Amino acid sequence: MSSGVGVREQSDDGGMTAGTSDEGFAQTGEDKTLWDIATAMRKLGPLASMAQVAREAGLTPAALYQRFPTPDVLRSRLAEAFYDRLLSHAEQIPSLPVDQQLEHFLRTVGLHLALSHSVLPDAFGEMASPAQRERIYALTADLLEQGKQAGVVAADVALSDIAAAVWGLRGVIATADTLAPDAWERHLDVVVAGLRNPHITFSRPPLDAELLDRVIHRPA
(Lines give C-alpha, C1' and ligand atoms only; values in the text may rest on other atoms or scores of the structure.)
Protein backbone atom coordinates (compact mmCIF):
# COMPACT_ATOMS: atom_id res chain seq x y z
CA MET A 1 0.00 0.00 0.00
CA SER A 2 2.99 2.26 -0.42
CA SER A 3 1.36 4.27 -3.22
CA GLY A 4 -1.90 4.82 -1.35
CA VAL A 5 -4.91 3.06 0.05
CA GLY A 6 -6.77 3.06 -3.24
CA VAL A 7 -10.02 4.75 -2.22
CA ARG A 8 -11.94 7.54 -3.90
CA GLU A 9 -11.77 10.99 -2.42
CA GLN A 10 -14.87 11.92 -0.49
CA SER A 11 -15.85 14.45 2.11
CA ASP A 12 -16.20 13.36 5.71
CA ASP A 13 -19.54 12.11 6.99
CA GLY A 14 -21.00 15.61 7.03
CA GLY A 15 -20.89 15.64 3.23
CA MET A 16 -23.33 12.76 3.00
CA THR A 17 -26.95 12.50 3.95
CA ALA A 18 -28.03 12.46 7.55
CA GLY A 19 -27.75 8.97 8.92
CA THR A 20 -24.78 7.96 6.82
CA SER A 21 -22.21 8.52 9.56
CA ASP A 22 -20.60 5.76 11.57
CA GLU A 23 -22.46 6.73 14.73
CA GLY A 24 -24.61 3.62 14.62
CA PHE A 25 -21.64 1.29 14.46
CA ALA A 26 -20.09 -0.48 17.42
CA GLN A 27 -17.67 1.70 19.36
CA THR A 28 -15.56 -0.78 21.28
CA GLY A 29 -12.51 -2.93 20.54
CA GLU A 30 -11.53 -3.78 16.99
CA ASP A 31 -14.84 -2.49 15.64
CA LYS A 32 -14.08 1.04 16.78
CA THR A 33 -10.61 0.80 15.28
CA LEU A 34 -12.08 -0.31 11.95
CA TRP A 35 -14.58 2.54 11.80
CA ASP A 36 -11.86 5.02 12.75
CA ILE A 37 -9.79 3.67 9.86
CA ALA A 38 -12.76 3.84 7.46
CA THR A 39 -13.43 7.45 8.46
CA ALA A 40 -9.77 8.31 7.92
CA MET A 41 -9.79 6.68 4.47
CA ARG A 42 -12.86 8.65 3.43
CA LYS A 43 -11.32 11.89 4.65
CA LEU A 44 -7.85 11.46 3.17
CA GLY A 45 -8.77 10.13 -0.26
CA PRO A 46 -7.21 7.60 -2.64
CA LEU A 47 -3.61 8.82 -2.55
CA ALA A 48 -3.16 8.50 1.21
CA SER A 49 -0.53 6.09 2.45
CA MET A 50 -1.02 3.53 5.17
CA ALA A 51 1.05 5.73 7.47
CA GLN A 52 -1.20 8.73 6.82
CA VAL A 53 -4.33 6.65 7.38
CA ALA A 54 -2.89 5.31 10.62
CA ARG A 55 -2.13 8.77 11.98
CA GLU A 56 -5.54 10.14 10.95
CA ALA A 57 -7.18 7.18 12.73
CA GLY A 58 -5.18 7.84 15.89
CA LEU A 59 -2.82 4.89 15.44
CA THR A 60 0.87 4.50 14.81
CA PRO A 61 1.78 2.95 11.44
CA ALA A 62 3.30 0.01 13.34
CA ALA A 63 0.03 -0.57 15.19
CA LEU A 64 -1.95 -0.50 11.95
CA TYR A 65 0.38 -2.98 10.25
CA GLN A 66 0.31 -5.23 13.31
CA ARG A 67 -3.47 -5.52 13.03
CA PHE A 68 -3.67 -5.52 9.23
CA PRO A 69 -0.35 -6.63 7.65
CA THR A 70 -1.40 -5.96 4.03
CA PRO A 71 -3.90 -3.77 2.18
CA ASP A 72 -5.87 -6.88 1.20
CA VAL A 73 -6.20 -7.96 4.82
CA LEU A 74 -7.45 -4.51 5.79
CA ARG A 75 -9.97 -4.36 2.95
CA SER A 76 -11.21 -7.87 3.66
CA ARG A 77 -11.76 -7.06 7.32
CA LEU A 78 -13.52 -3.80 6.48
CA ALA A 79 -15.81 -5.60 4.01
CA GLU A 80 -16.63 -8.22 6.63
CA ALA A 81 -17.39 -5.48 9.17
CA PHE A 82 -19.64 -3.55 6.78
CA TYR A 83 -21.57 -6.72 5.94
CA ASP A 84 -21.88 -7.77 9.59
CA ARG A 85 -23.22 -4.34 10.47
CA LEU A 86 -25.68 -4.46 7.58
CA LEU A 87 -26.92 -7.84 8.79
CA SER A 88 -27.18 -6.58 12.35
CA HIS A 89 -29.39 -3.70 11.23
CA ALA A 90 -31.35 -5.70 8.66
CA GLU A 91 -32.25 -8.47 11.09
CA GLN A 92 -34.09 -5.91 13.23
CA ILE A 93 -36.32 -4.85 10.34
CA PRO A 94 -39.01 -7.57 10.79
CA SER A 95 -40.00 -5.82 14.03
CA LEU A 96 -41.21 -2.81 11.98
CA PRO A 97 -44.74 -2.51 10.52
CA VAL A 98 -44.89 -4.64 7.41
CA ASP A 99 -45.60 -1.67 5.13
CA GLN A 100 -42.23 -0.16 6.13
CA GLN A 101 -40.03 -3.23 6.06
CA LEU A 102 -38.88 -3.56 2.46
CA GLU A 103 -38.29 0.17 2.00
CA HIS A 104 -36.36 0.34 5.28
CA PHE A 105 -34.27 -2.63 4.18
CA LEU A 106 -33.38 -0.99 0.87
CA ARG A 107 -32.51 2.29 2.58
CA THR A 108 -30.32 0.42 5.05
CA VAL A 109 -28.51 -1.26 2.16
CA GLY A 110 -28.15 2.11 0.42
CA LEU A 111 -26.62 3.74 3.48
CA HIS A 112 -24.06 0.96 3.86
CA LEU A 113 -23.19 1.06 0.16
CA ALA A 114 -22.74 4.83 0.32
CA LEU A 115 -20.53 4.62 3.40
CA SER A 116 -18.32 1.89 1.98
CA HIS A 117 -18.08 3.36 -1.53
CA SER A 118 -15.00 5.49 -0.90
CA VAL A 119 -13.36 2.91 1.37
CA LEU A 120 -13.50 -0.38 -0.53
CA PRO A 121 -12.48 -1.04 -4.16
CA ASP A 122 -15.63 -3.12 -4.73
CA ALA A 123 -19.08 -3.25 -3.18
CA PHE A 124 -18.70 -5.01 0.15
CA GLY A 125 -21.30 -7.60 -0.90
CA GLU A 126 -18.89 -8.90 -3.52
CA MET A 127 -16.29 -9.41 -0.79
CA ALA A 128 -18.70 -11.11 1.63
CA SER A 129 -18.46 -14.69 2.80
CA PRO A 130 -20.93 -17.27 1.44
CA ALA A 131 -22.56 -17.46 4.89
CA GLN A 132 -23.09 -13.68 4.97
CA ARG A 133 -24.60 -13.73 1.50
CA GLU A 134 -26.95 -16.57 2.41
CA ARG A 135 -28.25 -14.69 5.44
CA ILE A 136 -29.04 -11.52 3.53
CA TYR A 137 -30.48 -13.52 0.63
CA ALA A 138 -32.90 -15.33 2.96
CA LEU A 139 -33.88 -12.14 4.79
CA THR A 140 -34.61 -10.36 1.51
CA ALA A 141 -36.82 -13.22 0.34
CA ASP A 142 -38.76 -13.18 3.61
CA LEU A 143 -39.32 -9.42 3.54
CA LEU A 144 -40.53 -9.60 -0.06
CA GLU A 145 -42.95 -12.44 0.64
CA GLN A 146 -44.40 -10.74 3.72
CA GLY A 147 -44.85 -7.50 1.80
CA LYS A 148 -46.67 -9.28 -1.01
CA GLN A 149 -48.92 -11.17 1.38
CA ALA A 150 -49.82 -7.92 3.14
CA GLY A 151 -50.57 -6.24 -0.19
CA VAL A 152 -47.95 -3.51 0.24
CA VAL A 153 -45.69 -4.85 -2.53
CA ALA A 154 -47.00 -5.56 -6.02
CA ALA A 155 -47.81 -9.22 -6.49
CA ASP A 156 -45.62 -9.64 -9.59
CA VAL A 157 -42.44 -8.27 -8.00
CA ALA A 158 -39.79 -10.99 -7.84
CA LEU A 159 -36.68 -11.47 -5.75
CA SER A 160 -34.56 -10.60 -8.77
CA ASP A 161 -36.29 -7.21 -8.92
CA ILE A 162 -35.10 -6.46 -5.38
CA ALA A 163 -31.59 -7.57 -6.35
CA ALA A 164 -31.73 -5.29 -9.41
CA ALA A 165 -32.84 -2.39 -7.19
CA VAL A 166 -29.68 -2.86 -5.12
CA TRP A 167 -27.55 -3.07 -8.26
CA GLY A 168 -29.14 0.20 -9.36
CA LEU A 169 -28.29 1.84 -6.05
CA ARG A 170 -24.67 0.83 -6.51
CA GLY A 171 -24.63 2.37 -9.97
CA VAL A 172 -26.11 5.68 -8.83
CA ILE A 173 -23.72 5.90 -5.87
CA ALA A 174 -20.70 5.18 -8.08
CA THR A 175 -21.80 7.56 -10.84
CA ALA A 176 -22.79 10.52 -8.65
CA ASP A 177 -19.84 9.90 -6.30
CA THR A 178 -18.76 13.02 -4.38
CA LEU A 179 -20.68 15.45 -6.61
CA ALA A 180 -24.09 14.25 -5.41
CA PRO A 181 -23.52 11.65 -2.68
CA ASP A 182 -27.19 11.54 -1.69
CA ALA A 183 -28.59 11.13 -5.24
CA TRP A 184 -29.25 7.46 -4.55
CA GLU A 185 -32.00 8.39 -2.08
CA ARG A 186 -34.17 10.02 -4.75
CA HIS A 187 -33.50 7.09 -7.06
CA LEU A 188 -34.72 4.78 -4.32
CA ASP A 189 -37.90 6.87 -3.91
CA VAL A 190 -38.73 6.05 -7.54
CA VAL A 191 -37.87 2.38 -7.10
CA VAL A 192 -40.01 2.00 -3.98
CA ALA A 193 -42.96 3.68 -5.68
CA GLY A 194 -42.70 1.14 -8.47
CA LEU A 195 -42.50 -1.81 -6.10
CA ARG A 196 -45.69 -0.65 -4.38
CA ASN A 197 -47.64 0.04 -7.58
CA PRO A 198 -50.30 -2.68 -7.95
CA HIS A 199 -50.64 -1.84 -11.65
CA ILE A 200 -46.97 -2.32 -12.47
CA THR A 201 -46.31 -4.31 -15.64
CA PHE A 202 -43.08 -5.92 -16.76
CA SER A 203 -41.68 -6.17 -20.26
CA ARG A 204 -39.55 -9.19 -19.40
CA PRO A 205 -39.88 -12.13 -17.00
CA PRO A 206 -37.79 -12.09 -13.83
CA LEU A 207 -34.53 -13.97 -13.53
CA ASP A 208 -35.26 -17.47 -12.38
CA ALA A 209 -33.90 -18.68 -9.05
CA GLU A 210 -31.00 -20.58 -10.58
CA LEU A 211 -29.77 -17.67 -12.68
CA LEU A 212 -30.20 -15.17 -9.85
CA ASP A 213 -28.25 -17.48 -7.56
CA ARG A 214 -25.42 -17.67 -10.11
CA VAL A 215 -25.30 -13.88 -10.43
CA ILE A 216 -25.34 -13.23 -6.69
CA HIS A 217 -22.86 -15.93 -5.75
CA ARG A 218 -20.40 -15.61 -8.60
CA PRO A 219 -16.84 -14.87 -7.48
CA ALA A 220 -15.90 -11.19 -7.16
Side-chain angles (χ1 to χ4, degrees), residues 16-21 24 79 82-117 120 122-128 130 132-177 179-218 220:
M16 302 189 73
T17 57
T20 57
S21 73
F82 270 108
Y83 215 102
D84 281 345
R85 185 50 49 177
L86 170 63
L87 283 165
S88 177
H89 288 164
E91 287 173 347
Q92 300 175 40
I93 289 174
S95 65
L96 297 175
V98 68
D99 62 332
Q100 300 176 21
Q101 291 179 4
L102 190 58
E103 179 179 0
H104 193 84
F105 170 73
L106 289 171
R107 293 199 183 280
T108 299
V109 172
L111 288 171
H112 283 72
L113 288 171
L115 278 171
S116 67
H117 168 63
L120 297 171
D122 300 300
F124 60 86
E126 295 179 355
M127 303 170 71
Q132 288 176 317
R133 293 186 186 187
E134 286 296 335
R135 287 170 64 192
I136 207 72
Y137 187 85
L139 176 64
T140 307
D142 287 345
L143 293 175
L144 175 60
E145 185 59 31
Q146 291 179 35
K148 291 166 72 171
Q149 289 182 5
V152 296
V153 177
D156 290 340
V157 173
L159 188 59
S160 61
D161 298 317
I162 307 303
V166 174
W167 302 337
L169 288 176
R170 288 169 50 181
V172 172
I173 289 167
T175 301
D177 202 21
L179 295 177
D182 58 352
W184 66 269
E185 296 193 68
R186 183 179 176 91
H187 171 69
L188 185 54
D189 291 338
V190 176
V191 171
V192 169
L195 295 175
R196 289 176 171 170
N197 181 5
H199 304 297
I200 190 171
T201 58
F202 295 93
S203 59
R204 300 288 298 173
L207 301 181
D208 61 36
E210 180 181 356
L211 182 54
L212 178 60
D213 189 69
R214 287 172 56 194
V215 171
I216 291 176
H217 293 88
R218 65 181 174 181

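Keep in mind the model is a prediction, meaning the values are calculated, not measured. Only this structure's heavy atoms are used, side chains among them; waters, hydrogens and symmetry mates stay out.
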Rounded to the nearest 0.5 Å, what separates atom NE2 in His187 from atom CG in Leu106?
9.5 Å
Distance from Leu102 atom CG to Leu144 atom CG, nearest 0.5 Å?
6.5 Å
Would you call the rings of Phe124 and Phe82 parallel, tilted or perpendicular, taking 30° and 60° as the class edges?
parallel
Can you check side chain to side chain contact (heavy atoms under 4.5 Å, CB included) on Trp184 and Thr175, steps first, answer last?
CA-CA 10 Å; Trp184 66 269; Thr175 301; over 6 Å; no
Could you give all pairs that pass the side chain to side chain donor-acceptor pair (under 3.5 Å) test and reach residues 142-155, with sequence neighbours left out?
Glu145-Gln149
Could you work out, with side-chain contact (heavy atoms from CB on, under 4.5 Å) as the rule, every residue matching Pro97, not counting sequence neighbours?
Asp99, Gln100
Shortest non-hydrogen contact from Tyr137 to Ala209?
OH-O, 4.4 Å
Here the salt bridge (Lys or Arg N to Asp or Glu O under 4.0 Å) pairs for residues 187-206, sequence neighbours left out, are Glu103-Arg196, Arg107-Asp189
How many angstroms lie between atom CG of Leu113 and atom CG of Leu86, to the nearest 0.5 angstrom?
8.0 Å
Which heavy atom of Leu120 sits nearest to which heavy atom of Ala79, and what is that distance?
CD1-CA, 3.8 Å
Applying side-chain contact (heavy atoms from CB on, under 4.5 Å) to Ala150 and not counting sequence neighbours gives Val98, Val152
Residues 158-173 side chain polar contacts: donor-acceptor under 3.5 Å, at least two apart:
| residue | atom | partner | partner atom | Å |
| --- | --- | --- | --- | --- |
| Ser160 | OG | Leu207 | N | 3.3 |
| Asp161 | OD2 | Ala158 | N | 2.7 |
| Arg170 | NH2 | Glu126 | OE2 | 2.5 |

Is the backbone N or O of Asp84 less than 3.5 Å from a side-chain atom of Ser88, with the two atoms forming a donor-acceptor pair by type?
no
So CZ of Phe105 and CG of Leu96: to nearest 0.5 Å the spacing works out to 13.0 Å
From CD (Glu91) to OG1 (Thr108), nearest 0.5 Å:
12.0 Å
Residues in side-chain contact (heavy atoms from CB on, under 4.5 Å) contact with Ile200, at least two apart in sequence or another chain:
Ala154, Asn197, Phe202
If I compare all heavy atoms of Met127 with all of Arg133, which pair ends up nearest, and what's the gap?
N-NH2, 4.2 Å
Applying side chain to side chain contact (heavy atoms under 4.5 Å, CB included), run through Leu139 and Ile93 and close with a yes or a no.
CA-CA 9 Å; Leu139 176 64; Ile93 289 174; 5.7 Å; no
Looking at CD of Gln92 and CD of Gln101, how far apart are the two atoms once the value is rounded to the nearest 0.5 Å?
12.5 Å
